[in-house]
Amino acid sequence: QVQLVESGGGLVQAGGSLRLSCAASGRTFGNSAMGWFRQAPGKEREFVAAINWSGGNTDYADSVKGRFTISRDTSKNILYLQMNSLKPEDTAVYYCAARSFVSISTNHRGYSYWGQGAQVTVSS
């Protein structure tokens, strides 16, 4: 059974930092692109960042470029999202996702596997 489990969420003041982790189990995602999405109350799920199978190609939403960094440790099957200079508008539930292809997708419909989500709250 495939499982993606996020950790590292929490409450932080504006300007602070958090690092989310996503541990994958049940299969190896070494040949899979992975991504982070987020969903705020009353809003649709939106793309945050994605990384291809090798880690050599990444993509970010304009709203997080220069502040967030996605990375992966393929040997440990762990995906990371380093979030710096956090803003109140970054408040959301953050989801880790994996797809059955090596290339990136910014569309949540392109991902087959999802974690349960981690709450990130940024206070002003």
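Heavy atoms only: backbone and side chains are in, while hydrogens, waters and symmetry mates are out.
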Inset, instruction - Tell me whether M34 is reachable from I70 by hopping between hydrophobic residues (I, L, V, M, F, W, Y) whose side-chain heavy atoms are closer than 4.5 Å. - result: yes
Inset, instruction - Taking the side chain as every heavy atom from C-beta outward, state whether T91 and V120 have any pair of such atoms under 4.5 Å apart. - result: no
Inset, instruction - Answer yes when K87 and D90 have at least one side-chain N-carboxylate O distance shorter than 4.0 Å, and no when they do not. - result: no
Legend entry - Shortest non-hydrogen contact from A92 toward Q119: O-NE2, 3.5 Å
Legend entry - Value rounded to 0.5 Å, distance of CD in Q39 from NE2 in H108: 8.5 Å
Inset, instruction - Determine, stepwise, if the pair N107 / S105 fulfils side chain to side chain donor-acceptor pair (under 3.5 Å). - result: CA-CA 5 Å; N107 189 329; S105 173; 5.7 Å; no
Inset, instruction - Determine, using the 4.5 Å side-chain heavy-atom cutoff (strictly less than), whether Y111 and V48 are members of one ILVMFWY cluster. - result: no
Legend entry - NZ-CG distance between K65 and D59, expressed to the nearest 0.5 angstrom: 6.5 Å
Inset, instruction - Could you tell me the separation between the CG atom of L18 and the CE atom of M83, rounded to the nearest 0.5 Å? - result: 4.5 Å
Legend entry - Polar side-chain atom of S124 near backbone of P88 as donor-acceptor pair, under 3.5 Å: no
Inset, instruction - In sequence, state the C-alpha distance, the side-chain angles, and the governing distance for N84 and S17, and then conclude on side chain to side chain donor-acceptor pair (under 3.5 Å). - result: CA-CA 4 Å; N84 299 328; S17 298; 2.9 Å; yes
Inset, instruction - Report yes or no: do V64 and I51 belong to one cluster of Ile/Leu/Val/Met/Phe/Trp/Tyr joined by side chain heavy-atom distances under 4.5 Å? - result: yes
Inset, instruction - Check whether Y94 and Y60 end up in the same hydrophobic cluster, where Ile, Leu, Val, Met, Phe, Trp and Tyr are linked by side-chain heavy atoms less than 4.5 Å apart. - result: yes
Inset, instruction - Over all heavy atoms of both residues, which pair between A24 and L4 is shortest? Give the atoms and the distance, please. - result: CB-CD2, 3.5 Å
Inset, instruction - Without swapping roles, check the side chain of N52 against the backbone of N57 for a donor-acceptor pair under 3.5 Å. - result: yes
Legend entry - Interatomic spacing from NZ in K76 to OG1 in T74 - rounded to 0.5 Å: 12.0 Å
Legend entry - Smallest separation among heavy atoms of F47 and T106, with atom names: CB-O, 3.3 Å
Inset, instruction - Identify the two heavy atoms, one from S100 and one from Y113, that lie closest to each other, and give their separation to 0.1 Å. - result: OG-CE1, 3.9 Å
Legend entry - Approximate separation, where rounding is to 0.5 Å, of S32 OG and L79 CG: 11.5 Å
Legend entry - Non-hydrogen atoms of V102 and N31 that approach each other most closely: CG1-O, 3.1 Å
Inset, instruction - Report yes or no: does S21 contribute a side-chain atom to a donor-acceptor pair with the main-chain N or O of S7 at less than 3.5 Å? - result: no
Inset, instruction - Report yes or no: does E6 contribute a side-chain atom to a donor-acceptor pair with the main-chain N or O of Q116 at less than 3.5 Å? - result: yes
Inset, instruction - Spell out, as yes or no, whether a donor-acceptor pair under 3.5 Å connects the side chain of W36 to the backbone of Y80. - result: yes
Inset, instruction - May I ask whether Y95 and L81 are part of the same hydrophobic cluster, defined by side-chain heavy atoms of I, L, V, M, F, W, Y residues being less than 4.5 angstrom apart, directly or through others? - result: no
Inset, instruction - Determine yes or no for a side-chain-to-main-chain donor-acceptor pair under 3.5 angstrom, with R99 supplying the side chain and G110 the backbone. - result: yes
Legend entry - Over-ring placement of R45 relative to W114, 6.0 Å and 45° cut-offs: yes
Inset, instruction - Check R67 against S85 and note the closest heavy-atom contact, atom names and distance. - result: NH1-O, 2.9 Å
